[in-house]
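What follows is a single structure, written as C-alpha cells, with notes after it.
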Amino acid sequence: CSKVDVVEINQEVINFNNISGHLDSNINIIQGDIHNYTTSEMYDLIIIDTIWSANEITDEDYGLLKSRLLPNVNIGGALYFPVKQEFIIN
C-alpha cells in the first residue's frame, strides 16, 4: 500500500501516534470528524471504522456517510462499514 489516510477526531490519539514512532511514514493522520470531513482524494478502499456498535449507527448516518464518501472510491474500489459487515463496490 502506498498511502493511508486516517481521519481521527481525537487530537490526543493523533498526538500519541505521531510521537510513538510505531506508524509507517505512509500513514497520514488527519484531525477531523468523519461526519463533516470532505476530500478530493480518491481511494481504492475507504473503511468507516467508528466506535459504534450495529445498533448505534442510524440508517440516516449510514446513508449520509455512504453517499458522501462513495464518490471518493475509485472504480472497482470499495467502501466498507465493519459495523454493518457491508462492502459497497464502486
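No continuous path of ILVMFWY side-chain contacts below 4.5 Å connects L45 to M42, so the two sit in separate hydrophobic clusters. No continuous path of hydrophobic side-chain contacts links Y80 to I57 [ILVMFWY only; heavy atoms under 4.5 Å]. In this structure, L69 is a member of the same hydrophobic cluster as I30, with clusters built from ILVMFWY side-chain heavy atoms closer than 4.5 Å. Each of L64 and I47 belongs to its own hydrophobic cluster when Ile, Leu, Val, Met, Phe, Trp and Tyr are linked at side-chain heavy-atom distances under 4.5 angstrom.
A donor-acceptor pair is defined here as one N or O able to donate and one able to accept, closer than 3.5 Å; no such pair exists between the side chain of N17 and the backbone of I29. D33 places no side-chain N or O within 3.5 Å of a backbone atom of I9 that could act as its donor or acceptor partner.
Scanning all heavy atoms of the two residues, the minimum distance from P82 to I48 falls at CD-O, 3.1 Å. The shortest non-hydrogen separation linking V7 to G32 is CG1-O, 3.5 Å.
Rounded to the nearest 0.5 Å, atoms CD1 (I46) and CD1 (I88) are 10.5 Å apart. Residue I34 holds its CD1 atom at 8.0 Å from OH of Y37, rounded to the nearest 0.5 Å. One finds the CG atom of L79 at 8.5 Å from the CG atom of L65 (value rounded to the nearest 0.5 Å). To the nearest 0.5 Å, the span separating NZ on K84 from NZ on K66 amounts to 9.5 Å. Rounding to the nearest 0.5 Å gives a distance of 15.0 Å between CG of N90 and OH of Y43. Rounding to the nearest 0.5 Å gives a distance of 8.5 Å between OG1 of T50 and CD of E56.
Heavy-atom neighbours of Q85 CD from other residues, nucleotides or ligands within 6.0 Å: at or below the threshold of 12.
Contact of the D61 side chain with the H35 side chain is registered, since non-hydrogen atoms from C-beta on lie closer than 4.5 Å.
By the side chain to side chain contact (heavy atoms under 4.5 Å, CB included) test, N10 is found to be paired with E8, E12, V13, residues two or more places apart in sequence or in another chain being considered.
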